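Read the structure below first, then the notes.
Keep in mind it's a predicted model, so treat the numbers as computed, not measured.
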Number of protein chains: 2
Amino acid sequence: MRAQRLDDEQLDRIFAALSDRTRRRILLRLRSGPATVTELTALAGLSQPAVSKHCKVLEEAGLVRPERDAQRIHRIIELAPLIRAAVFVSQFEVQVDARLDRLEAHLQSGTDEE
Amino acid sequence: MRAQRLDDEQLDRIFAALSDRTRRRILLRLRSGPATVTELTALAGLSQPAVSKHCKVLEEAGLVRPERDAQRIHRIIELAPLIRAAVFVSQFEVQVDARLDRLEAHLQSGTDEE
DNA sequence: GTCGTACATTGCCAAGTGGTTATAGAACTG
DNA sequence: CAGTTCTATAACCACTTGGCAATGTACGAC
């Protein structure tokens, strides 16, 4: 079935995008609103081209959308691929306790700026 | 913080393991019980060494555990890393409707054998 | 012991990844 | 216009990945 192929390719890109900690940090940052490559570069502690590359990977996975504002380009997080990932994982009947979620989320955001 | 490092490394491996469709198929297969490399090789349509490699990747991500039974080695799925992945995704407040879950899971397992 | 089966490991290759520096382009500023 | 800022692209590098065939190893059967 052809549709399955496309699905696989999407999940390939989504999980591959999530498999890099710099990209995960970028996504976590984008929860609190759009950011420019310059801002993300400061966060990542890498060169600007490196961050541009990461943004491109996130974009191709659909996790991020660019939006021009004059000479700045803001990256905006897109939740759809995260839902796809969550749906895949949910096939294993892994139920995450919502309270545990919030706890871990809090811990992680607390140690964000390592 | 050192703990964060370990966490990142784990998520790196988990998402990287999930980023390959062959490995995802293996995991989906293992939902219905342990399987040997030989069985998984038939499923994957790849060489036996290729499947062994995939199993090793899954093992290093903690997604799978080997268990000897005489000359056969059964792979057993481990849910803990999937929970870690789900917890990460849940930080984005992506809530997957449980009914939608089951629907998509059903569709995917229906088109499993390509 | 020898044979056969199941699996892992090795060696190889093409392609992809993640980083860098240097350069180019796009848009505002003066 | 020239200059500055923000971002993307190019070129390069070391390393990893995913596949293969060939070989090695571990175990049970005979």
Side-chain angles (χ1 to χ4, degrees), chain A residues 5 8-30 33-77 114, chain B residues 5 8-30 33-77 114:
Chain A
R5 275 280 168 80
D8 274 340
E9 284 172 25
Q10 286 195 41
L11 283 177
D12 281 356
R13 280 192 288 262
I14 293 166
F15 283 122
L18 293 176
S19 74
D20 182 278
R21 59 192 85 179
T22 298
R23 288 193 290 264
R24 289 196 302 271
R25 288 192 69 182
I26 290 176
L27 287 177
L28 289 171
R29 161 61 186 79
L30 292 184
T36 66
V37 165
T38 305
E39 289 163 358
L40 296 175
T41 297
L43 169 74
L46 295 177
S47 67
Q48 171 263 312
V51 175
S52 275
K53 262 195 199 177
H54 283 303
C55 284
K56 196 175 181 183
V57 173
L58 289 169
E59 218 171 303
E60 284 167 351
L63 282 159
V64 138
R65 167 173 55 88
E67 197 171 83
R68 280 213 92 109
D69 171 26
Q71 70 272 59
R72 299 185 180 176
I73 304 178
H74 291 277
R75 306 296 156 145
I76 300 168
I77 193 168
E114 203 241 337
Chain B
R5 276 279 168 80
D8 274 340
E9 284 172 23
Q10 286 195 40
L11 282 178
D12 282 356
R13 280 192 287 263
I14 293 166
F15 283 123
L18 294 177
S19 74
D20 182 279
R21 57 193 86 178
T22 297
R23 288 193 290 264
R24 288 197 303 272
R25 286 192 70 181
I26 289 176
L27 286 177
L28 288 171
R29 161 63 185 79
L30 292 183
T36 66
V37 165
T38 305
E39 289 163 358
L40 296 175
T41 297
L43 169 74
L46 296 176
S47 68
Q48 171 263 312
V51 175
S52 276
K53 257 196 202 178
H54 283 303
C55 284
K56 196 174 182 183
V57 173
L58 289 169
E59 216 172 304
E60 284 167 351
L63 283 159
V64 139
R65 167 172 56 87
E67 198 171 81
R68 280 213 90 109
D69 170 27
Q71 69 273 56
R72 300 187 180 175
I73 305 177
H74 291 278
R75 306 296 157 144
I76 300 169
I77 193 168
E114 216 226 354

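- Backbone-only contact: B:A70 has heavy atoms under 4.0 Å from sugar-phosphate atoms and none from a base.
- B:R23 places no side-chain N or O within 3.5 Å of a backbone atom of B:L18 that could act as its donor or acceptor partner.
- Straight-line distance from the NZ atom of A:K53 to the P atom of D:dC13: 14 Å, rounded to whole Å.
- Distance, A:Q71 CD to C:dA27 C1': 6 Å, rounded to whole Å.
- A straight line from CD of A:E67 to P of D:dC6 spans 19 Å, rounded to a whole angstrom.
- In this structure, A:F15 atom CZ and C:dG16 atom P are separated by 21 Å, rounded to whole Å.
- Regarding contacts with the backbone of D:dG18, a side-chain N or O of B:R23 is found under 4.0 angstrom from either OP1 or OP2.
- Under 4.0 angstrom from either OP1 or OP2 of D:dA8 there lies at least one side-chain N or O belonging to A:S52.
- Residues B:R25 and A:D8 are not paired through a salt bridge, judged by the lack of any N-O separation under 4.0 Å between the basic side chain and the carboxylate.
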Set out, in order, the CA-CA distance, both residues' side-chain angles and the distance that settles side-chain contact (heavy atoms from CB on, under 4.5 Å) for B:L63 and B:R13, then state yes or no.
CA-CA 10 Å; B:L63 283 159; B:R13 280 192 287 263; over 6 Å; no
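- Separating the CD1 atom of A:I73 from the P atom of C:dG25 is a distance of 15 Å, rounded to the nearest angstrom.
- Proximity note for A:R75 (side chain, C-beta onward) versus C:dG19, D:dA8, C:dA8: the nearest is D:dA8.
- In this structure, of C:dC7, D:dT9, C:dT9, it is C:dT9 that holds the atom nearest to the side chain of B:K56.
- Within the nucleic acid shown, A:R21 has no heavy atom closer than 4.0 Å to any nucleic acid atom.
- Here the P atom of nucleotide D:dT16 and the CG atom of B:D20 are 18 Å apart, to the nearest Å.
- Side-chain nitrogen and oxygen atoms of A:S47 include none within less than 4.0 Å of the OP1 or OP2 phosphate oxygen of C:dG19.
- With B:S52 contributing its side chain and B:P49 its backbone, the two residues share no donor-acceptor pair below 3.5 Å.
- The separation between A:E39 atom CD and D:dC6 atom P is 10 Å, rounded to whole Å.
- Residue A:R72 contributes atom CZ, which lies 18 Å from atom P of D:dT4 at whole-angstrom precision.
- Picking from D:dT7, C:dG19, D:dG19 the nucleotide with the shortest atom distance to the side chain of B:H54 gives D:dG19.
- The local environment of CZ in A:R21 is crowded, with over 12 non-hydrogen atoms from other residues, nucleotides or ligands closer than 6.0 Å.
- Contact annotation: side chain of B:Q48 to base of C:dA6, donor-acceptor pair absent below 3.5 Å.
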